[in-house]
Amino acid sequence: MGVHDHQPMDPARGLVTDDSALMVFRAIEVVRSLGIDEGDTTKPRDMPLQALQCFLYVCSHDKCHKSRMEQDMGLSNASGSRNTDYLCAQNRYKVAGLNLITKEVDPLNRRRSILRLTPLGIRVKNDLMNELNGLHNHSV
């Protein structure tokens, strides 16, 4: 038995016990506070998990059809529209959105929308990937 086997851990110390889980936690923190409260645009709100999933889908399938994202994620058309509107520059109520993606009409089939990352979306994607790859320095 090691010396530390008999000593209880003090939870108040905030000791990191899993570095991989900490990297995921920090990656989520990158986007968590990007949300905007629709009732008060000066008050941040956490990004809904489903909107984060849609953003990550577009990150991994840039220039994809919205209908394909909905199919792959098991979303209704309404849910796909609501979440992608939240990620665009302006939501369906004409309130400022996150400006992480654009939704464009497909010139080959005008009934379809193409989802693309904006420059801000690319930067947030890169920040997420850097967090997950442990490339950010968090020392104070």
Side-chain angles (χ1 to χ4, degrees):
M1 285 190 153
V3 175
H4 299 290
D5 292 341
H6 299 291
Q7 308 224 353
M9 184 178 85
D10 179 2
R13 286 186 50 217
L15 182 67
V16 174
T17 59
D18 188 326
D19 289 334
S20 296
L22 180 62
M23 284 192 294
V24 173
F25 172 80
R26 287 182 173 159
I28 290 171
E29 285 293 302
V30 169
V31 293
R32 186 182 67 85
S33 62
L34 288 174
I36 298 172
D37 186 324
E38 293 176 8
D40 179 1
T41 58
T42 63
K43 181 180 171 190
R45 181 186 74 188
D46 290 351
M47 179 188 284
L49 181 58
Q50 203 168 58
L52 174 58
Q53 289 175 300
C54 289
F55 173 66
L56 293 173
Y57 186 92
V58 177
C59 286
S60 60
H61 298 79
D62 200 14
K63 302 176 185 90
C64 64
H65 283 124
K66 180 176 139 311
S67 58
R68 182 58 194 224
M69 179 197 73
E70 292 163 350
Q71 179 184 352
D72 287 352
M73 293 179 62
L75 299 176
S76 67
N77 183 275
S79 183
S81 292
R82 182 176 52 254
N83 284 291
T84 54
D85 284 352
Y86 183 88
L87 297 169
C88 288
Q90 194 176 65
N91 73 14
R92 64 184 185 221
Y93 301 113
K94 307 301 180 206
V95 175
L98 298 180
N99 195 28
L100 298 174
I101 67 168
T102 61
K103 200 183 315 188
E104 304 162 5
V105 174
D106 183 346
L108 301 176
N109 183 343
R110 300 195 58 76
R111 293 179 294 165
R112 289 187 173 179
S113 297
I114 297 175
L115 306 176
R116 299 175 195 264
L117 292 173
T118 63
L120 176 61
I122 292 168
R123 184 180 62 81
V124 171
K125 172 191 170 185
N126 290 339
D127 288 350
L128 281 169
M129 298 313 298
N130 286 339
E131 286 294 345
L132 290 172
N133 291 316
L135 299 177
H136 280 185
N137 183 0
H138 293 279
S139 57
V140 180

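Values reported hereafter were calculated over all heavy atoms of this structure, with side chains retained and with hydrogens, waters and symmetry mates removed. Starting from 1, each residue takes its place in the sequence as its number.
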*Between atom CG of D106 and atom NE2 of H65, what is the distance when rounded to the nearest 0.5 Å?*
3.5 Å
_Nonpolar side-chain network containing L22, other nodes, edges under 4.5 Å_ = V16, F25
*Side chain proximity check, F55 to V124, heavy atoms < 4.5 angstrom*: yes
*Specify the closest pair of heavy atoms between I114 and P107, including all atoms of both residues, with the distance to one decimal.*
CD1-CD, 4.3 Å
_Sub-4.5 Å side-chain heavy-atom contact between D85 and K103_ = yes
*asked:* If the condition is side-chain hydrogen bond (donor to acceptor under 3.5 Å, both in side chains), which residues does Q50 pass it with, not counting sequence neighbours?
replied: S79, N83
*Close side-chain approach of L98 to M47, heavy-atom, < 4.5 Å*: yes
*Which distance, rounded to the nearest 0.5 Å, do you find between the CG of L128 and the CG of N133?*
10.5 Å
*Working to the nearest 0.5 Å, report the span between CE of M129 and CG of N126.*
8.5 Å
*So if you build clusters from Ile, Leu, Val, Met, Phe, Trp, Tyr with side-chain heavy-atom gaps below 4.5 Å, do I28 and L132 land together?*
yes
*State yes or no: do Y57 and L120 share one hydrophobic cluster built from I, L, V, M, F, W and Y residues joined by side-chain heavy-atom distances below 4.5 Å, directly or via other members?*
yes
*Answer with yes or no whether the hydrophobic clustering places L56 together with L87; edges join I, L, V, M, F, W, Y residues whose side-chain heavy atoms lie under 4.5 Å apart.*
yes
*With rounding to the nearest 0.5 Å, note down the distance linking CD1 in I122 to CG in L100.*
11.0 Å
*Got a sec, which pairs hit salt bridge (charged side-chain N to carboxylate O under 4.0 Å, His left out) with one end in residues 73-84, sequence neighbours left out?*
none
_Contacts of type side-chain hydrogen bond (donor to acceptor under 3.5 Å, both in side chains), residue S113, not counting sequence neighbours_ = none
*Restricting to pairs with a member in residues 69-78, which pass salt bridge (charged side-chain N to carboxylate O under 4.0 Å, His left out), not counting sequence neighbours?*
K66-E70, R68-D72
*For Q71, what residues pass the side-chain hydrogen bond (donor to acceptor under 3.5 Å, both in side chains) criterion, not counting sequence neighbours?*
none
_CG on L115 to SG on C59, rounded to 0.5 Å_ = 11.5 Å
*asked:* Do L49 and M73 sit in one hydrophobic cluster, given that two such residues count as connected whenever their side-chain heavy atoms are within less than 4.5 Å of each other, even indirectly?
replied: yes
_Reference residue R116; test side chain to side chain contact (heavy atoms under 4.5 Å, CB included); the match among I101, V58, T102_ = T102
